[in-house]
Amino acid sequence: MTPNPVRRALLARRVCIGTWIQIGHATVAEVLANAGFDWLCADGKHTDIGVAEFVALARGLHGRGPVPLVRVRENSTLAIRQMLDLGAGGVIVPLVNSAAEAEAAVRAAKYPPQGVRGFAFHRGNNWGADFADYAAQANAEIAVVVMIESRQAVENIDAILAVEGVDGVFIGPYDMSGSYGLPGRTTDPVIQQACARVVEACRNAGKAAGIHVVLPTPESIRQAIGQGFTFIAVGVDTIFLSQGATVALASARAATAG
Ligand code: 3PY
Ligand code: MG
């Protein structure tokens, strides 16, 4: 099994930059891989990306560098197992609010004795050709990141981080802001304070703090790194498309004005 640089970066709390894919087409993975991201995460929670689309994205990434990650649709054994069996190098598990929910995510992602993941031939182990190697290495190579995106999760952050097998956490700023009654106000001091609390807990636990800088600017990325985040998603494919199109059209309109 190929060593997973993302899990190593998480454990070493080394900066590791990826982005988010909401368009489930291999071309998107191929184009974004050219940009040189460390990892690309398919969003299986808020999109039509299901198992078939994830496989297309993973095939688009094959041999190109970025590690394919997936934000699974929910914290369930089936959702986590399916994406790992299809070749995900790690799962980002949404809406984990307690240590018990974090334990459930880890159990789903790990082979026995640490977990309950079932053994089979699948894409992840090259349809059985690498069965023994994958079975021996998967627990040590596959990354498990849980999303902190509610007030309850912030209150339980120390217990969540104490769960063995949680490699790091990832803040979902939009859900987080919604849970504090401030939907979309991700820069509100209340949300910033909650984020700071999570980063401090990660520092104390020696685990990685991650965040999605959904609308990246040089300042917002610098701020995230300055705050102590190391596992950082910058942007979303749809935002890149929208921003690029808007700039191009504005330039064309300006050039043709008057
Ligand atoms: C959130 O902001 O809630 C997210 O899940 C972003 O990925
Ligand atoms: Mg969210």
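The figures here come from the full heavy-atom set of this structure, side chains too, leaving out hydrogens, waters and symmetry mates. Order of listing sets the numbers, starting from 1, for every ligand and every atom in it.
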Item to complete: Look at atom 2 (O) of ligand 1 and say which protein heavy atom is nearest, naming residue and atom and giving the distance to 0.1 Å.
Response: Y174 N, 2.6 Å
Worksheet item: Any chain of hydrophobic side-chain contacts (each under 4.5 Å) joining L241 to I21?
Response: yes
Discussion item. For R71, state whether at least one heavy atom is located under 4.0 Å from any atom of ligand 1.
Written reply: yes
Worksheet item: Using 4.0 Å as the upper bound for N to carboxylate O, is an ion pair formed by R59 and E30?
Response: no
Fill in: N/O separation below 3.5 Å, M147 to ligand 1
no
Worksheet entry | Donor-acceptor under 3.5 Å (D237 side chain, I23 main chain) | yes
Worksheet item: Does a salt bridge link K45 with D175, judged by any charged N lying under 4.0 Å from a carboxylate O?
Response: yes
Worksheet item: So, does W20 sit close enough to ligand 1 that a heavy atom of it is under 4.0 Å from the ligand?
Response: yes
Worksheet item: Parallel, tilted or perpendicular: which describes the rings of F240 and F37, with under 30° parallel and over 60° perpendicular?
Response: parallel
Discussion item. Tell me the protein heavy atom at minimum distance from atom 3 (O) of ligand 1, and give that distance in Å.
Written reply: D175 N, 2.8 Å
Item to complete: Could you tell me whether a side-chain N or O of T256 sits under 3.5 Å from a main-chain N or O of A252, the two making a donor and an acceptor?
Response: yes
Discussion item. Within ligand 1, which atoms have a heavy atom of E149 less than 4.0 Å away?
Written reply: 1 (C), 3 (O), 4 (C), 5 (O)
Worksheet entry | atom 6 (C) of ligand 1: the protein heavy-atom neighbour that sits closest, reported with distance to 0.1 Å | H212 ND1, 3.4 Å
Worksheet item: When you measure from the Mg ion (ligand 2) to each N, O or S atom of D175, which atom gives the shortest distance?
Response: OD2
Worksheet item: Which protein non-hydrogen atom lies closest to atom 4 (C) of ligand 1, naming both residue and atom, and how far is it?
Response: G172 CA, 3.6 Å
Item to complete: Tell me which N, O or S atom of E149 sits nearest to the Mg ion (ligand 2).
Response: OE1
Worksheet item: Would a distance-only check, ignoring hydrogens and angles, find a side-chain to backbone donor-acceptor pair under 3.5 Å from S177 to T186?
Response: no
